[in-house]
Amino acid sequence: AQKVTQAQTEISVVEKEDVTLDCVYETRDTTYYLFWYKQPPSGELVFLIRRNSFDEQNEISGRYSWNFQKSTSSFNFTITASQVVDSAVYFCALRVTDSWGKLQFGAGTQVVVTP
Amino acid sequence: DTGVSQDPRHKITKRGQNVTFRCDPISEHNRLYWYRQTLGQGPEFLTYFQNEAQLEKSRLLSDRFSAERPKGSFSTLEIQRTEQGDSAMYLCASSLAQDAAKNIQYFGAGTRLSVL
């Protein structure tokens, strides 16, 4: 069975601070994909990033960066220089290759950025 | 290119009534998913279509729930004899299944159901 754990329920920061969101996953599959989605108050889940299990290279995309470590089954996500518009719920999700693409989501982390 | 569209955005109903939600996926996407999200939780998978074929259903999908995608385009999710426990956000997502690497699901804004 697959499981995704986001231990942080809510994180509050002041604008321009960095925010790191933790995600720990469990799967027995050797090939899988990890995702981060953002859900603003409007409700629509917005795709942010995807990572394949066979590529542990960490990257930066604008103000977003991620740290994927298979050894600890973690896929952490960082927002640099946070802005008020970053306030949302962030979800980590796992997809295994034989699951017809269905996503297993964590419970989400609420990020509150104040001016 | 329009995104995933869901209708209605909000639905309030009385216990015991039937409700139907509609999802229009991104036009060229052949995979369509339904998820349910309750307050403070992440979305939970309900069911999945590839073209018009319903290929997987979660155990969460009781006999009161039925989903269709008759022509492989839009999909409907019907809940019969609604219960208060059905109150949730119902999310639809679509993707293009050319290969696993490209299978990113794009979500609609959801239908929020309140059962009184």
Least distance between heavy atoms, Lys102(A) atom then Glu56(B) atom: NZ-OE2, 2.8 Å
Transitive ILVMFWY side-chain link Tyr90(B) to Tyr48(B), under 4.5 Å: no
Single-linkage hydrophobic cluster Val19(A)~Tyr64(A), side-chain heavy atoms < 4.5 angstrom: yes
Smallest separation among heavy atoms of Gly42(B) and Phe91(A), with atom names: CA-CE2, 3.3 Å
Top of Gln41(B), Met89(B), Arg9(B) for chain A proximity - count of heavy-atom pairs under 4.5 angstrom: Gln41(B)
Gap between atom CG of Leu45(A) and atom CD of Gln105(B) - 0.5 Å precision: 10.0 Å
Test side-chain contact (heavy atoms from CB on, under 4.5 Å) applied to Tyr37(A) and Phe107(B), step by step: CA-CA 10 Å; Tyr37(A) 281 86; Phe107(B) 284 79; 3.8 Å; yes
Distance, nearest 0.5 Å, that separates OH of Tyr33(B) from CG of Leu103(A): 7.5 Å
Point-to-point distance, once rounded to the nearest 0.5 Å, from OH of Tyr35(B) to CZ of Phe105(A): 5.5 Å
ILVMFWY network linking Val13(A) to Tyr90(A), side-chain heavy atoms under 4.5 angstrom: yes
Same apolar cluster (I L V M F W Y, side chains within < 4.5 Å links), Leu46(B)/Val4(A): no
Pair Gln104(A)-Glu44(B), side-chain donor/acceptor within less than 3.5 Å: no
Enclosure of Arg15(B) CZ (heavy-atom neighbours >12, cutoff 6.0 Å): no
Portion of Gln110(A) that has a non-hydrogen atom of chain B nearer than 4.5 angstrom: neither
Crowding at CD, Glu52(B) (>12 non-hydrogen neighbours, <6.0 Å): yes
Shared hydrophobic cluster, Trp36(A) / Val112(A) (ILVMFWY, side-chain heavy atoms < 4.5 Å): no
